[in-house]
Amino acid sequence: MATVLIVDDQEIAREALQGFFNAKGATCLAAANSDEALKALTERQPDLVLLDIKLDGSRLDGLGILQEAGKLPNRAKMKIVMVTGFPDPDIEAKAKAMGADDFLVKPVALDKLVELYKQVGG
């Protein structure tokens, strides 16, 4: 089964997504800030990353994590999807230019999550 990393500063959002993917049989990892996210990206090499753009109290925001992830040797094997509650076409364009595989607005439709999971072998 696929490994999913959920990066969000809101615990309720992390728990909801973890519950969803666990029910699908995924191995779920969660990170509340950039340091936890970067550690998981390098040590666990997830197949799918749901990366919130706004991370309160974090050293880097989601775009900063995306930039750092781009330097990893295993980046090509990961699907990184930016997630935000504050849609902004300029931020979306920037994220995609930086290598984001997709850009979703909260609340994310469950069928879209299923589709993403299937794309990474779930």
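Along the sequence shown, residues are numbered consecutively beginning with 1. The analysis underlying the following values was restricted to heavy atoms, covering all of them including side chains, and did not include hydrogens, waters or symmetry mates.
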### Task
Measure across Asp47 and Ala2 and return the closest heavy-atom pair with its distance rounded to 0.1 Å.
OD2-CA, 3.3 Å
### Shortest non-hydrogen separation from Cys28 to Gln18 and the atoms involved
SG-O, 3.8 Å
#### Entry: Side-chain (Arg75) to main-chain (Gly99) donor-acceptor, under 3.5 angstrom
yes
### Query
Does the distance from a Lys or Arg side-chain N to an Asp or Glu carboxylate O, for Asp61 and Lys54, drop under 4.0 Å?
no
### Query
Is there side-chain contact between Ile6 and Leu29, with at least one heavy-atom pair below 4.5 Å?
no
### Query
About how many Å separate CG of Leu63 and NZ of Lys94, when rounded to the nearest 0.5 Å?
6.0 Å
### Task
Find out whether Leu60 and Ile65 are in side-chain contact, i.e. whether some heavy atom of one side chain is under 4.5 Å from a heavy atom of the other.
yes
#### Entry: Closest heavy-atom pair and its distance - Arg14, Ala31
CD-O, 3.4 Å
### Cluster overlap Val83 with Leu48, hydrophobic side-chain contacts below 4.5 Å
yes
### Query
Do you know which two heavy atoms are closest between Ser34 and Ser58, and how far apart they sit?
N-OG, 2.7 Å
Show which side-chain atoms of residues 103-122 pair as donor or acceptor with protein atoms under 3.5 Å away, not counting sequence neighbours.
residue, atom, partner, partner atom, Å
Lys106, NZ, Asp8, OD2, 2.7
Lys106, NZ, Asp52, OD2, 3.4
Lys112, NZ, Asp102, OD2, 3.0
Lys112, NZ, Glu115, OE2, 3.4
Glu115, OE2, Gln119, NE2, 3.3
Tyr117, OH, Ala26, N, 3.2
Gln119, OE1, Lys79, NZ, 3.0

## Note on the structure
So CG of Leu5 and CG of Leu41: to nearest 0.5 Å the spacing works out to 5.5 Å
### Task
Measure the CE-CD distance between Met78 and Gln45 for me, rounded to the nearest 0.5 Å.
7.0 Å
### Query
When rounded to the nearest 0.5 angstrom, what is the spacing between CG in Leu17 and CD1 in Ile12?
11.0 Å
### Task
May I have the step-by-step check of side-chain contact (heavy atoms from CB on, under 4.5 Å) for Asn33 and Leu55, ending in yes or no?
CA-CA 6 Å; Asn33 59 52; Leu55 297 170; 6.0 Å; no
### Query
Can you hop from Ile53 to Val49 via hydrophobic side chains spaced under 4.5 Å?
yes
### Message
Please evaluate residues Val4 and Lys24 with respect to the criterion side-chain contact (heavy atoms from CB on, under 4.5 Å), reporting the C-alpha separation (whole Å), side-chain torsions for both, the decisive distance (0.1 Å), and the verdict.
### Response
CA-CA 11 Å; Val4 179; Lys24 299 290 179 200; over 6 Å; no
### Query
Nearest 0.5 Å, what's the CG-CG distance between Leu66 and Leu51?
6.5 Å
### Task
State the NZ-CG distance between Lys77 and Leu72, to the nearest 0.5 angstrom.
12.0 Å
### Query
Can you check whether Val81's main-chain N or O pairs, donor with acceptor, with Asp101's side chain at less than 3.5 Å?
no
### Query
Run the side-chain contact (heavy atoms from CB on, under 4.5 Å) check on Phe86 and Ile91 step by step: do they pass?
CA-CA 10 Å; Phe86 308 97; Ile91 299 288; over 6 Å; no
